[in-house]
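The sequence lines fix the lettering, A, B, ..., with proteins before strands; numbering per chain opens at 1.
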Protein chains: 2
Amino acid sequence: MNQRQTVAERGGADRSGKNGDGAERHEEIHRSISDAIIEHRLRPGARLREDALADVFGISRTGIRKILQRLALEQLVTLTPRRGASVTRPTAEEAKDVFDARQMVECGLMPEVARRIGDDDLRELRDMARRERQALKSGEQSTAIRLSADFHTRLARISGNATLADFVERLCSRSSLILAVYGNPGHLGCESHDHDDLIGYLETGNGERARAFMSRHLKAIEASLSIVEEEAEAPDLHRIFSD
Amino acid sequence: MNQRQTVAERGGADRSGKNGDGAERHEEIHRSISDAIIEHRLRPGARLREDALADVFGISRTGIRKILQRLALEQLVTLTPRRGASVTRPTAEEAKDVFDARQMVECGLMPEVARRIGDDDLRELRDMARRERQALKSGEQSTAIRLSADFHTRLARISGNATLADFVERLCSRSSLILAVYGNPGHLGCESHDHDDLIGYLETGNGERARAFMSRHLKAIEASLSIVEEEAEAPDLHRIFSD
DNA sequence: GGCTGCCGATATGTATACAATGATCGTGCA
DNA sequence: TGCACGATCATTGTATACATATCGGCAGCC
């Protein structure tokens, strides 16, 4: 009894077959929006109207609201009462918190990752690093950014601790937002060869080296940002015109 | 308990008067349910029917669903498609992950906490520890459990890193669930004087001592559990009757 | 007598309708 | 001409109605 004839795939996008199971469809939409944010196709501050999204994805506002709420808990979108949803614009303080958290968790995970990493993992990580380099070379910044976040997340998952891996995943998503706001154009977060070097340390089982390298790696990303609190919200006119 | 039947009978007239802002009301309900779970008044596995909750809190199912979803993302309740919501029953693996995560984050936070702690914080922490001891002595287990989780959360928040503090808060909530499933009755997680000792180390600014003590403290809690995977969900009949 | 399959009851999933609120634009007055 | 006030509009918040899947019981059949 697998007939599911009542799912109307309106909106012209029949993606990945006809498996339009509600939950999976929602998952898919969540991922679509999430990816768009992480890849900077939706910039911080962009408004996300429920009607428009409902129209685009061919479901009703009810489902969209559910997804927006989830994105809000993941801190990718900000829900302002009566004003709707918009892509979160991280503050300088949040940026610092996120990178401090990454220092603690990602570095702390490295020894365990080095212990548990297997050949399959190494192969996959190398492939991801390769695709990232390739994307960078061909100027596909969006793809490179997402692959970089995917790389860090995948790494954390090798540790076997799902709770910490989920946390790292969210931190990486938020980092992507931070890059969008405070990053310098043309200078992407991760150096192109860093990830390859990291894989090398992990392959030889040198957890402490990997930890130290990850620490430098993250510090380098953070240092590449120009974090200046832009007071776009309420510009201090007095200060600006005080001369 | 109350005669809360159909508050919105006459439209918005009564709402403008009592300042019953929807968002705050939702927050309140979320907290009510959350507390009930953390305090073990709702045991793992308990079903949470939408209709019943809607009836109890006097709002419609729409609002309840929103809250249940949030609780699900916080991993306090489990949402099974078509089966509804129930209080999460953590697996042994999840329990291990949660305590490993707490080791990494809470211990890692101690030096910074020791650096930033102030007199107000110390006063408040002492008060919390005192109330916890008192609750334990008078047999109010529910209160003691919640106060213990509050203590750890409050501690993390002193670090100034909101992201990590939120994470710790969620880990503590989940720990409370873990205690409900794997804890031994009569032997609560935290020793009654541990928290006071910890405050002592923090007061003298000895971050490393505090970190080491926190590590022992968490290990002690974890050791007090009897983590045996009970396969009540889907007993493996083949394995059981294989002889 | 036990197992299987159907059927009603119950609860959830989804969409839509309506209400309320904040934003925008136009008009009137100083 | 500029500002303030008011009406309209756009958008979200909430509730309810309808569709659909699951669970428990009962009867019929092997």
Side-chain angles (χ1 to χ4, degrees), chain A residues 1-11 18-30 33 45-73 77-88 233-234 237, chain B residues 4-30 33 45-73 77-87 233-234 237:
Chain A
M1 178 193 132
N2 277 335
Q3 292 295 92
R4 184 173 293 281
Q5 61 216 7
T6 55
V7 173
E9 286 264 7
R10 300 192 308 257
K18 56 194 65 73
N19 182 6
D21 193 329
E24 303 213 4
R25 179 96 183 96
H26 281 188
E27 196 66 30
E28 194 183 318
I29 296 173
H30 174 271
I33 301 178
R47 289 197 58 190
L48 302 170
R49 288 192 305 110
E50 297 178 354
D51 271 340
L53 291 174
D55 195 45
V56 166
F57 292 108
I59 66 174
S60 81
R61 276 178 50 215
T62 309
I64 293 295
R65 290 176 68 86
K66 193 158 94 176
I67 292 165
L68 285 178
Q69 259 191 6
R70 179 167 158 198
L71 288 166
L73 287 199
V77 317
T78 301
L79 248 44
T80 312
R82 309 274 171 197
R83 299 279 307 270
S86 59
V87 179
T88 297
E233 294 307 316
L237 297 180
Chain B
R4 176 175 285 290
Q5 10 176 325
T6 56
V7 171
E9 281 275 324
R10 287 189 301 274
D14 58 358
R15 179 156 308 171
S16 58
K18 68 167 59 167
N19 192 13
D21 194 332
E24 303 212 4
R25 179 94 184 98
H26 282 188
E27 197 66 30
E28 194 183 318
I29 296 173
H30 173 272
I33 302 178
R47 290 198 59 190
L48 302 170
R49 289 193 307 110
E50 297 179 354
D51 274 340
L53 291 173
D55 196 44
V56 166
F57 292 107
I59 66 173
S60 81
R61 275 179 50 217
T62 308
I64 293 294
R65 291 177 67 86
K66 194 157 94 176
I67 292 165
L68 285 178
Q69 266 188 8
R70 179 166 159 199
L71 288 167
L73 288 198
V77 318
T78 300
L79 248 45
T80 312
R82 306 278 168 198
R83 299 279 309 270
S86 58
V87 179
E233 295 306 318
L237 296 181

OP1, OP2 of D:dG13 versus side-chain N and O of A:Arg65: anything below 4.0 Å?
yes
Roughly, in whole Å, what's the span from CZ in A:Phe57 to P in C:dT14?
16 Å
A:Arg61 CZ to D:dT14 P, straight-line distance once rounded to whole Å
11 Å
Taking only the side-chain nitrogens and oxygens of A:Lys66, find out if one of them lies under 4.0 Å from OP1 or OP2 of C:dG13.
no
The reported gap from CZ in B:Arg49 to CG in B:Leu68 (rounded to nearest 0.5 angstrom) is 12.0 Å
Quickly work out the A:His26 NE2 to C:dG13 P distance and round it to whole Å.
10 Å
Is any side-chain N or O of B:Arg83 closer than 4.0 Å to OP1 or OP2 of D:dC23?
yes
Separation of C:dT12 atom P from B:Arg82 atom CZ, nearest Å, is 11 Å
Whole Å only: how far is the CG atom of A:Asp51 from the P atom of D:dC9?
17 Å
Measure from the side-chain N and O atoms of B:Arg70 to the backbone N and O of A:Leu73, and report whether any donor-acceptor pair falls under 3.5 Å.
no
Please name the pair of heavy atoms, one in B:Asp51 and one in B:Arg61, separated by the smallest distance, quoted to 0.1 Å.
OD1-CD, 3.1 Å
Rounded to whole Å, please give me the gap between CG in A:Asp55 and C1' in D:dT11.
15 Å
Could you check how far CD of A:Gln69 sits from P of D:dT14, rounded to whole Å?
10 Å
note: B:Arg47, atom CZ; D:dC23, atom C1'; distance rounded to Å ~ 9 Å
Between A:Ser86 and A:Thr78, is there a side-chain donor-acceptor contact under 3.5 Å, judged purely by atom types and distance?
no
Please figure out whether A:Gly63 or B:Arg49 has its closest DNA chain C nucleotide nearer the 5' end.
B:Arg49
For a quick test of reading the model: is some side-chain N or O of A:Ser60 closer than 4.0 Å to OP1 or OP2 of C:dA15?
yes
